[in-house]
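Working notes for the structure below.
Each residue takes its place number in the sequence, starting with 1.
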Amino acid sequence: MASTTTDSNPLPILYGYFRSSCSFRVRIVMNWKGIPYETQIVNLLKSEQHSEEYKKVNPSERVPSLKIVSGKDNQKVTLIQSTAIIEYLDEVYPQNPLLPRDNDGSSSSSTAGPLERSKIRAIVSLISNDIQPLQNVGVLNRMSEEERKTAPRDIITNGFKTLEEYLVRFGCGQYSVGDNVTMADAYLLPQVYNGLRYGVDMSQFPLISRVAKNLLELEAFANACPENQADCPDNLKDEISASWSKL
């Protein structure tokens, strides 16, 4: 969804990497809300996130980062951390809300409220705090070569056992929580991609697999997938596309 920009109407700039699941989350949300943006590739394999140039964008040396014009005074700001970015976007761009509003008639997406938002945030927290960081490249680089062969698969498998139970308890429908797309779905699909990448047997997780397949039918989610990004090498596009068939 990368696009061009003009000085009079600058588009948001998303700094990311095709294989970064955190970048994947933000791409989904930008697409879901119909927000045009430019992409600035930060090649993690080349350690571009550690460059002096990128440190000026994000001192944590991580992706994603989102440069955006905010507020009535058109202040140029840089948002960091995928969850903070996504919550900002959901508040500022009310179309296609990812957290259900209170039952005041203001939203047709849900008649829920605090309880439903709690369920969604529990899934977001499980993935973003308890699963993805443990299998992130920074952690894996501290492991021995032998450990790296199995650790990511085992970490994600253990996390998915909990996630599958969450989906049972929280009323999984067509999507993670009910039949409306929520913030939880923007986290689930990228983590499923990580699972497939590291050889997780998804047959153990029928609900997760079903939700992921439903999400892949949505254009906003499909277009955000790693194989559809400009920086995805040609030799990986077919491999990643084929991996989804294992759901």
Side-chain angles (χ1 to χ4, degrees), residues 1-71 73-93 96 98 124 127-129 131-141 183 185-194 197 219-234 236-237 240:
M1 197 173 174
S3 183
T4 56
T5 186
T6 64
D7 291 338
S8 59
N9 186 28
L11 294 178
I13 301 174
L14 178 61
Y15 292 78
Y17 182 60
F18 80 101
R19 243 178 179 167
S20 159
S21 58
C22 296
S23 300
F24 191 173
R25 299 168 188 165
V26 176
R27 292 195 301 263
I28 288 171
V29 173
M30 299 287 280
N31 292 349
W32 181 247
K33 290 184 170 289
I35 306 169
Y37 64 94
E38 289 187 337
T39 297
Q40 181 66 49
I41 297 165
V42 181
N43 191 319
L44 303 187
L45 290 184
K46 295 181 179 179
S47 297
E48 291 178 354
Q49 72 274 28
H50 302 308
S51 69
E52 291 303 317
E53 180 182 4
Y54 187 66
K55 286 180 185 178
K56 296 176 183 177
V57 176
N58 187 338
S60 72
E61 303 174 35
R62 297 180 183 274
V63 293
S65 302
L66 183 67
K67 282 189 175 182
I68 199 165
V69 174
S70 177
D73 57 353
N74 292 329
Q75 180 184 9
K76 294 181 180 180
V77 297
T78 301
L79 308 178
I80 57 177
Q81 296 291 342
S82 62
T83 299
I85 294 171
I86 289 168
E87 289 188 351
Y88 171 91
L89 294 173
D90 200 44
E91 292 178 16
V92 174
Y93 297 88
N96 300 327
L98 292 167
V124 166
I127 293 172
S128 63
N129 295 340
I131 304 177
Q132 190 271 337
L134 301 181
Q135 49 91 151
N136 202 7
V137 64
V139 175
L140 298 182
N141 285 341
M183 190 181 295
D185 299 303
Y187 285 71
L188 182 142
L189 189 64
Q191 192 58 51
V192 168
Y193 161 72
N194 284 343
R197 178 185 177 188
E219 184 178 7
F221 283 74
N223 287 346
C225 287
E227 68 271 25
N228 295 322
Q229 306 314 303
D231 55 326
C232 180
D234 290 339
L236 290 180
K237 290 181 178 179
I240 296 173

Interatomic distance, CG@Leu44 vs OG@Ser23, rounded to 0.5 Å, equals 7.0 Å
How far does CE of Met30 sit from CG of Asn223, to the nearest 0.5 angstrom?
14.0 Å
Intermediate values then yes/no, side-chain hydrogen bond (donor to acceptor under 3.5 Å, both in side chains), Gln191 and Gln135
CA-CA 10 Å; Gln191 192 58 51; Gln135 49 91 151; 2.9 Å; yes
Would a 4.5 Å heavy-atom cut-off, applied to side chains only, mark Ile85 and Arg25 as touching?
no
If I take atom CG from residue Leu66 and atom CG from residue Asn58, how far apart are they, to the nearest 0.5 angstrom?
11.5 Å
Compare all side-chain heavy atoms of Ser82 with those of Pro64 and state whether any distance is below 4.5 angstrom.
yes
For Lys46, is the NZ atom crowded, meaning more than 12 foreign heavy atoms sit under 6.0 Å from it?
no
Using a 4.5 Å cut-off on heavy atoms from C-beta on, say whether the side chain of Tyr93 contacts that of Val29.
no
Let's go through Ile68 and Leu79 carefully: what are the C-alpha distance in whole Å and the side-chain angles of both, what is the deciding distance for side-chain contact (heavy atoms from CB on, under 4.5 Å) to 0.1 Å, and is it a yes or a no?
CA-CA 8 Å; Ile68 199 165; Leu79 308 178; 4.1 Å; yes
Measure across Cys22 and Val63 and return the closest heavy-atom pair with its distance rounded to 0.1 Å.
CB-O, 3.9 Å
Please find the pair of heavy atoms, one from Tyr88 and one from Val69, that lie closest to each other, and give the distance.
OH-O, 4.5 Å
For Cys225 against Arg27, the heavy-atom pair lying closest together
C-NH2, 4.1 Å
Minimum side-chain heavy-atom gap Phe18-Ile240 below 4.5 Å:
yes
Has Gln229 got a side-chain atom pairing as donor or acceptor with Ala224's backbone, closer than 3.5 angstrom?
yes
I'd like to know if the side chain of Lys67 reaches the main chain of Lys76, judged simply by a donor and an acceptor atom lying under 3.5 Å from each other, with no hydrogens or angles considered.
no
OG/Ser128 to OH/Tyr187 distance, rounded to the nearest 0.5 angstrom?
5.5 Å
With under 30° as parallel and over 60° as perpendicular, where do the rings of Tyr54 and Tyr15 fit, or are they tilted in between?
tilted
How far does CG of Leu11 sit from OH of Tyr37, to the nearest 0.5 angstrom?
11.5 Å
Looking at every non-hydrogen atom in both residues, tell me the closest pair between Ile127 and Pro133 and how far apart they are.
O-CD, 3.9 Å
Measure the spacing between CD of Glu52 and CD of Glu61 and express it to the nearest 0.5 Å.
8.0 Å
Quick one: are Tyr17 and Asn43 in side-chain contact, heavy atoms under 4.5 Å?
yes
Taking every non-hydrogen atom, the tightest pair across Ala222 and Asn228:
O-ND2, 2.7 Å
Asn96 and Asp90: which non-hydrogen atoms are nearest, and at how many Å?
O-OD1, 4.3 Å
Examine distances only and state if a side-chain atom of Ser47 and a backbone atom of His50 form a donor-acceptor pair shorter than 3.5 Å.
no
Charged N to carboxylate O under 4.0 angstrom, Asp231 versus Arg19?
no
Any heavy-atom pair between the side chains of Asp185 and Trp32 that's under 4.5 Å?
no
Do Gln49 and Arg62 touch side chain to side chain, with heavy atoms closer than 4.5 Å?
no
